[in-house]
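Below you'll find the structure, written out as structure tokens, and then a few comments.
Remember, it's 1-based here, ligands and their atoms both numbered in the order they're listed.
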Amino acid sequence: MTDSIRILMCAPDHYDVDYVINPWMEGNVHKSSRDRAVEQWKKLYKVLNNLAVVDLVQPQKGWPDMVFTANAGLILGDQAVLSRFHHPERQGEEPHFKKWFADNDFTVHELPEDLPFEGAGDALLDREGRWLWAGYGFRSELDSHPYLAQWLDIEVLSLRLIDDRFYHLDTCFCPLTGGYLLYYPGAFDSYSNHLIERRIPPEKRIAIEEADAINFACNTVNVGQTVVMNKASDSLKLRLGDKGFRVLETPLTEFLKAGGAAKCLTLRINEPVLEDVHANKPLESRIIHLEGHLLDAGTMNQALDMIVDNGGSFKVLNFNLGTERQSVSAADVRVSAPSMEVMEEIMNQLIDLGAVASEEEVCDAHTEICELAGVAPDDFYVTTIYPTEVRVNGEWVLVRNQRMDGAIVVTQTTAGTIAQCKLLRDLAKSDRVVVGVEGIRIIRKAEAREKRGGEEFSFMGAGVSSERRVELVVEQIAWELRQIRDRGGKVIVTAGPVVIHTGGAQHLAQLIRHGYIHGLLGGNAIAVHDIEQALMGTSLGVDMQKGIPVRGGHRHHLKVINTVRRYGSIAGTVDAGVISQGVMYECVQNNVPFVLAGSIRDDGPLPDTEMDLIKAQAEYAQLLEGTDMILMLSTMLHSIGVGNMTPGGVKMVCVDINPAVVTKLSDRGSVESVGVVTDVGLFLSLLIQQLERLTSPYEVV
Ligand code: ARG
């Protein structure tokens, strides 16, 4: 059979590294020797001419990369798909290859403009002819794959390249006779590796190491049992030998400088068509609609980047740019993905960005019945903090009890359809749970922009706030606290023990005393340290006035716990007149409810600390209901807990000396969040000062 194989090559008459369009070319511009290139090419030609029939295409001046005929196009039977080069540097090769294909009686297919595909460099037939492997990610676009499937009537398996050194599929992947595959797994994303492993049984996979990969060992010309390549390590030669392959090495170092080797320098032009092989449905595709301040708010960028980052591709079908500052934009985008799994991941994230299915494609949400109490169906939709609607019987129904990390349960009642968020543990057997990504939309209001004026809250995105900015933001928070108090609103504080260690207790106590705070959430520690300070003047044994450890101070907090235990509760201790100042004292005196959630490291604990975490979570959620604003003061643990149960729209102020904590918490994608990177004691003292400035001289803070 081998004598019937035909290969197209192009002599290196005009070959050089003239520009940089892949990492191999960097630092190599005009560094390759023409003489050596010619010599190496001739040697390859000779080797191949012994194994197959080699045809030649006329080299063209000004198109140095034309030697890499693998990129001319893709051939199957008498059909040729002409390449559409990604880089202008190579686009001039197209007409020459087109002419060669036409002159040699191929039917030439041309892709739409702006849809790059780089031929057999990125598309390799399984050597048994069962399917076509097609690469994307650098040079070829995923959306070109359905065209290949259609024109060549063959199943296309899309593989995503992620390492720019292996920018073409043939630099890291080579199907061999007998269903073997020589490849470098590191060049592919995990989904593609999974796809490869599903198609090729382990005994047929020859996965190579990076050291061989960078010598272009995968860039191999395979004719029968012979493999021709630039270079292979001894161990690779042995492995290939074991599988029955004869390795012929022929140095192609001059071409490596342009990012190509043996396989790149060839195009197989007589690929046989198998009768019983046909195309499948090659790509998943959906049309979504986006609306809002798509450019100003960066939504469009985010959406498109996200699609590509997840291994999908897109085509913007139309984009209506809002012309005035306040007008919104709208876009329809066709999203494609290599598989249903990838599509679902992309759609999930697009839904979070507020995307909805196009009108033609919108359908009801899919649901599945819970088979086990407390366990959702596998593919359940995970909720976010944003107001969400699900489509049931053609109607959009608003989801109740919105919170993140829940499932949506749909119930039919006589009054109509009810949809609500439920935590996994609260799911009952036979609850109807929303699964997949159909019929779900998130309402992300565009007006948030006008309401906040954008500016004052945007700085925290950068993470660190400068001193002046801290002052400005504290002024703003003071003003809001004042507004909320005056209109009878609700502010909840979640605080860590650092508030006490940094001397913030007196300020927080003052806020509570003057009616600014309507609930306190924290752990055992904040209460213990606050009471320690109230009773003994120390916090974790450190004198709060002098800032030095007190002799025997490390026992103080246990003594405090013991005292409170004697009186049965914090309130009992206050009532007995034992505690007469501090944060917990003010809570008790002013009827401000608090919940203390326990943890594994708690000493004691205080009788008030709830060690049943499920109960503690429920009590937190209850106290948070109807909250307008949450002050998160130096506690990552409790702040994240609180954030998880709070719907979008509630303003959160997160104060921590550690920028990472602030970023983590404010990264809820909501304009409502403010992060302040500063010492919490200092923050509270500034806040009190600002509140005093807002107050007329006749009132108290
Ligand atoms: N310099 C060429 C480019 O970057 C090299 C092409 C190598 N060809 C291949 N099939 N991998 O396009």
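Listed by chain and number, residues touching ligand 1 at under 4.0 Å (heavy atoms only) are I21, N22, M25, D65, F68, A70, N71, R90, G121, R139, Y167, H168, D170, T171, A258, G259, C264.
In this structure, D242 does not pair ionically with R239, as no charged nitrogen and carboxylate oxygen lie closer than 4.0 Å. By the 4.0 Å N-to-carboxylate-O rule, D126 lies too far from R199 to be salt-bridged with it. Residues R127 and E271 are paired through a salt bridge, judged by an N-O separation under 4.0 Å between the basic side chain and the carboxylate. A salt bridge links D189 to R160: at least one charged side-chain nitrogen sits closer than 4.0 Å to a carboxylate oxygen.
F173 and C218 get closest at one heavy-atom pair: N-CB, 3.5 Å.
Between W133 and W131, the two ring planes are perpendicular [angle over 60°; tilted spans 30° to 60°].
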